[in-house]
Amino acid sequence: MHEYSIVSSLLERVGAEARAHNAIAVHRLTVRIGAAAGVDPDLLSKAYQMFREGTLCAGAELCVQRVEEQWACPECGRTIARGEILRCGQCAMPARLVSGDEIILEQIEMEVP
Amino acid sequence: MCQDCGCGDPEIVPVEVHERLLSANDRVAHHNRAHFVEHGVLALNLMGSPGSGKTATLEAMARAPGANRKLAAVSGDLATDHDAQRLRAAGIPAATITTGSACHLDAEMVHKALHDFELDGLDLFVIENVGNLVCPAIYDLGQALNVVALSVTEGEDKPLKYPVIFRNADAVLLTKIDLLPHLGVSIRNFDDAIARVMPQPRVFPVSARTGEGLDRWLQWLDEKRIRADL
């Protein structure tokens with residue numbers, strides 16, 4: 001379950017940012033996870049609950065914004081539904097993933113003196 | 001300090017980051033990639049289920065007729081050194097990355113393993129990932145190419161069930177095709193499933209046992225090496 005290693009990267013990144021701002025606590029983390037990113041938001045939240053103990057994030061809420069998986073033709077812009085052949089029926093161009101592969105730390109709300 | 005009234009209470013501030021969560025891994029991967037390029041080596045991240053034929057395909061590549069490519073490999077395994085032992089027996093310099101309970105390789109593990117290899121004079125360096133169709137998919141290791149080994153015995157719907165690893169792949173090795181006569185599956189159905197998760201599908205049906213299809217796969221790798229100007 002790679003969600004544990006993602007949470008460990010998240011806590012390291014947040015810890016570094018908090019130290020840089022001399023934060024005394026972290027209140028909320030906002031992450032954006034795409035539906036096709038290969039990260040399960042529920043498993044990520046569970047792993048976070050377990051790993052945040054004893055860190056600056058011990059009392060911080062993890063807010064997961066989910067992003068839909070969307071494919072389109074790079075030429076004509078036609079939407080290609082998930083599960084279809086990933087090639088535009090009109091232009092024969094390979095489809096492009098427009099959104100859905102995000103694994104992004106967006107914002108940290110921290111308490112500063 | 002509170003900016004509104006100057007009361008001296010701590011203040012809650014939003015800090016915008018907007019950075020990939022795996023950016024620390026990405027930085028090490030970038031370093032690995034530069035290292036491979038500097039030594040003129042084409043690096044492959046070979047992924048696939050346990051038992052999909054990753055090691056067997058490498059062994060077959062070593063004994064393929066006219067094989068004059070200099071190949072080395074590192075194998076990720078939760079336990080045992082079996083894969084690296086098999087590769088060394090096939091004449092491929094190889095080492096193991098023992099991951100313990102980790103279900104995938106990351107760029108740092110590969111970086112450490114690279115210290116044990118002399119990359120000069122090599123043509124190909126294969127990073128044989130931990131057998132798993134889920135976790136390895138999202139970690140950049142510094143490879144030039146992502147390759148997924150999918151054996152015909154795993155079933156035609158596996159690309160649809162594990163789309164992320166196939167979407168991020170440059171090629172799929174459809175392995176164990178010598179078993180096709182014994183199974184109710186067809187290469188056409190594998191191709192169809194792959195085309196629904198991989199925008200530019202490139203499938204190489206191969207048999208490590210008979211050597212069938214290896215020539216096309218090896219030719220493609222040679223073309224990739226030439227195009228990468230390595």
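Lettering of chains follows the sequences in order, A, B, ..., and the numbering in each one begins at 1.
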Report the distance from atom [atom1] of [X] to atom [atom2] of [Y], rounding to the nearest 0.5 Å.
{"X": "A:Ile103", "Y": "B:Ser23", "atom1": "CD1", "atom2": "OG", "answer": "11.0 Å"}
{"X": "B:Glu19", "Y": "A:Ile104", "atom1": "CD", "atom2": "CD1", "answer": "10.0 Å"}
{"X": "B:Cys135", "Y": "A:Tyr4", "atom1": "SG", "atom2": "OH", "answer": "12.0 Å"}
{"X": "A:Ser5", "Y": "B:Leu22", "atom1": "OG", "atom2": "CG", "answer": "7.0 Å"}

Can you tell which part of [X] gets under 4.5 Å to a heavy atom of chain A, answering side chain, backbone, both or neither?
{"X": "B:Asn132", "result": "neither"}
{"X": "B:Tyr139", "result": "side chain"}
{"X": "B:Ala24", "result": "neither"}
{"X": "B:Ile138", "result": "side chain"}
{"X": "B:His18", "result": "both"}

Do A:His21 and B:Val13 have side-chain heavy atoms sitting under 4.5 Å apart?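 Answer no - side chains too far apart.
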Do A:Met110 and B:Val15 come within less than 4.5 Å of each other through their side chains, counting heavy atoms only?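 A side-chain contact exists here, since the closest heavy-atom pair is under 4.5 Å.
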Could you walk me through whether B:Val17 and A:Glu106 pass the side chain to side chain contact (heavy atoms under 4.5 Å, CB included) check? CA-CA 5 Å; B:Val17 184; A:Glu106 291 290 2; over 6 Å; no
B:Arg20 side chain vs A:Leu105 backbone, donor-acceptor pair below 3.5 Å: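 No, the answer is negative, given that no donor and acceptor are paired below the 3.5 Å cut-off.
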Would you mind checking which part of [X] comes under 4.5 Å of any heavy atom in chain B, side chain (CB onward), backbone (N, CA, C, O), both or neither?
{"X": "A:Val39", "result": "side chain"}
{"X": "A:Val26", "result": "neither"}
{"X": "A:Ile80", "result": "neither"}
{"X": "A:Glu84", "result": "backbone"}
{"X": "A:Ala37", "result": "backbone"}

With a cut-off of 6.0 Å (strictly less than), are more than 12 heavy atoms of other residues, nucleotides or ligands near CD of A:Gln65?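 Yes, because the 6.0 Å sphere around CD of A:Gln65 holds more than 12 heavy atoms from other groups.
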For residues 53-70 of chain A, pull every pair meeting salt bridge (charged side-chain N to carboxylate O under 4.0 Å, His left out), keeping only residues two or more places apart or in separate chains.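 Sorted result for residues 53-70 of chain A: A:Arg28-A:Glu61, A:Asp42-A:Arg66, A:Glu69-A:Arg82.
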Between B:Asp192, B:Leu160, B:Val164, the one whose heavy-atom pairs under 4.5 Å with chain A are most numerous: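 Top count of heavy-atom pairs under 4.5 Å with chain A: B:Val164.
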Could you tell me which of B:His104, B:Met198, B:Arg167 has the largest number of non-hydrogen atom pairs under 4.5 Å with chain A?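 Among B:His104, B:Met198, B:Arg167, the one with the most close pairs to chain A is B:Arg167.
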Give the intermediate values and the outcome of side chain to side chain contact (heavy atoms under 4.5 Å, CB included) for residues B:Arg196 and A:Ile85. CA-CA 4 Å; B:Arg196 292 173 195 277; A:Ile85 299 286; 3.9 Å; yes
If you look at every heavy atom in A:Ala95 and B:Pro199, which pair is closest and at what distance?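 Heavy atoms of A:Ala95 and B:Pro199 come nearest at O-CB, 3.3 Å.
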For side chain to side chain contact (heavy atoms under 4.5 Å, CB included), just list the numbers for A:His2 and B:Val134, CA-CA rounded to whole Å, side-chain angles, deciding distance to a tenth of an Å, and then say yes or no. CA-CA 9 Å; A:His2 55 289; B:Val134 182; 3.8 Å; yes
Mind ranking A:Glu12, A:Arg87, A:Glu17, A:His27 by heavy-atom pairs under 4.5 Å with chain B and telling me who comes out on top?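 Result: the option with the highest number of such pairs is A:His27.
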For B:Glu11 and A:Glu111, what are the C-alpha separation, side-chain angles and deciding distance, and is it a side chain to side chain contact (heavy atoms under 4.5 Å, CB included)? CA-CA 5 Å; B:Glu11 190 185 11; A:Glu111 191 173 330; over 6 Å; no
